[in-house]
Student: 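Here you go, one structure.
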Amino acid sequence: MNYWLMKSEPEVYSISDLEKQTETIWDGVRNYQARNFLRQMKIGDLAFFYHSNSNPPGIFGLMRISKTDIADPTQFEPTSKYYDSKSTPESPRWQTVNVEFVESFIQPISLAILKEKFTPEELLLVRNGNRLSVMPVPEEVAQKILAIKYPTSA
DNA sequence: GCCAACGTTGGC
DNA sequence: GCCAACGTTGGC
């Protein structure tokens with residue numbers, strides 16, 4: 001089982017949207033490095049839901065990968081902003097996954113905290129200038145994030 | 001709104 | 001294949 005971090009602007013799609021919807025397709029990723037990570041995901045993997053362009057930015061919840069290797073349908077829709085004229089259904093360029101809601105953090109973990117706790121080597125997110133919207137999170141780092149989230153009194 | 005840090009595009 | 005111009009991301 002692997003851990004991931006996936007970004008979304010809450011004004012576009014937030015953890016509470018996912019909570020209401022229960023499950024959604026993570027469409028619209030058009031960056032090859034991010035897509036390559038999406039291709040590596042396995043059913044049952046866990047992903048931190050990161051709010052970008054928000055105040056504060058940070059990890060707001062947790063979700064689970066529920067379906068993998070899906071051709072992103074928006075690449076075939078000419079009216080979509082994610083339309084890719086060079087992609088065909090026979091050989092789709094962009095794959096993605098379905099995610100299902102696990103939990104919304106009562107106390108979100110802000111970017112400031114993440115920068116405090118982790119080095120750029122441990123967590124790609126805190127690397128200066130990083131714009132990747134899908135990235136792996138090492139097991140050890142994921143456990144520490146969950147430990148911050150679950151107080152030690154438990 | 002500003003701007004740094006990227007990724008992509010396209011001329012050559 | 002190089003690289004300048006351009007577009008986008010995302011923190012602040």
Side-chain angles (χ1 to χ4, degrees), chain A residues 2-21 23-41 45-65 68-138 140-142 144-149:
Chain A
N2 287 307
Y3 288 93
W4 307 91
L5 183 146
M6 297 160 86
K7 295 181 185 173
S8 177
E9 298 186 25
E11 303 228 335
V12 178
Y13 195 87
S14 73
I15 185 73
S16 32
D17 292 324
L18 180 60
E19 181 165 16
K20 282 178 224 146
Q21 222 181 331
E23 185 173 14
T24 195
I25 182 167
W26 203 265
D27 58 10
V29 172
R30 293 294 179 273
N31 170 284
Y32 287 104
Q33 207 183 342
R35 181 209 59 185
N36 292 344
F37 289 133
L38 288 167
R39 284 179 170 177
Q40 291 172 28
M41 290 181 180
D45 283 359
L46 293 173
F48 294 105
F49 195 128
Y50 181 87
H51 283 186
S52 62
N53 265 316
S54 72
N55 188 18
I59 294 172
F60 278 68
L62 191 65
M63 51 197 172
R64 186 182 296 109
I65 309 306
T68 59
D69 198 28
I70 306 166
D72 183 342
T74 60
Q75 69 194 308
F76 308 127
E77 295 164 11
T79 54
S80 169
K81 67 181 279 202
Y82 301 118
Y83 178 61
D84 184 344
S85 61
K86 299 196 193 78
S87 189
T88 63
E90 293 71 35
S91 148
R93 180 177 293 188
W94 304 105
Q95 287 79 27
T96 190
V97 297
N98 276 7
V99 294
E100 62 185 15
F101 177 79
V102 174
E103 66 170 323
S104 182
F105 291 176
I106 291 164
Q107 186 124 23
I109 305 170
S110 70
L111 178 60
I113 299 280
L114 292 169
K115 280 180 171 168
E116 226 173 78
K117 304 273 183 192
F118 302 107
T119 66
E121 290 71 32
E122 289 174 310
L123 183 60
L124 253 70
L125 178 78
V126 301
R127 191 167 301 176
N128 192 22
N130 177 45
R131 290 161 42 189
L132 199 57
S133 67
V134 177
M135 68 187 76
V137 177
E140 204 180 294
V141 173
K144 284 183 187 167
I145 291 171
L146 292 170
I148 296 169
K149 196 229 134 276

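In the text below, chain A, chain B and the rest are named by the order of the sequence lines, each starting its count at 1.
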Student: Quick one: CZ on A:Phe49 to OG on A:Ser14, what's the gap to the nearest 0.5 Å?
Tutor: 6.0 Å

Student: Could you pull out the closest heavy-atom pair between A:Tyr50 and A:Leu125, with the gap in Å?
Tutor: CE1-CD2, 3.6 Å

Student: Please list, pair by pair, any protein nitrogen or oxygen found under 3.5 Å from a nitrogen or oxygen in nucleotides 1-6 of chain C.
Tutor:
none

Student: Name the nucleic acid region contacted by A:Asn55, choosing base, sugar-phosphate or nothing; use a 4.0 angstrom heavy-atom cut-off, strictly under.
Tutor: nothing

Student: Going 5' to 3' through nucleotides 7-12 of chain C, assign each nucleotide B (protein heavy atom under 4.0 Å from a base atom), S (under 4.0 Å only from sugar-phosphate atoms) or - (no protein heavy atom that close).
Tutor: BBBBBS

Student: Is A:Ser133 reaching over with its side chain to a backbone N or O of A:Lys7, donor-acceptor style, under 3.5 angstrom?
Tutor: no

Student: I want to confirm an ordering. Mapping A:Gly129 and A:Tyr32 to their closest nucleotides on DNA chain B, which one lands closer to the 5' end?
Tutor: A:Gly129

Student: Please report, to 0.1 Å, the donor-acceptor pairs under 3.5 Å made by any side chain of residues 101-108 of chain A, with sequence neighbours excluded.
Tutor:
{"from": "A:Glu103", "atom 1": "OE1", "to": "A:Lys149", "atom 2": "NZ", "distance (Å)": "3.3"}
{"from": "A:Glu103", "atom 1": "OE2", "to": "A:Tyr150", "atom 2": "OH", "distance (Å)": "2.8"}

Student: Spell out, as yes or no, whether a donor-acceptor pair under 3.5 Å connects the side chain of A:Asn130 to the backbone of A:Leu124.
Tutor: yes

Student: Quick one: does A:Asp72's side chain have a donor or acceptor within less than 3.5 Å of a partner on A:Gly28's backbone?
Tutor: yes

Student: Is there a donor-acceptor pair closer than 3.5 Å between any side-chain N or O of A:Ser8 and the backbone N or O of A:Tyr13?
Tutor: yes

Student: Donor-acceptor pair, distance only, cut-off 3.5 Å: does the side chain of A:Ser87 make one with the backbone of A:Arg93?
Tutor: yes

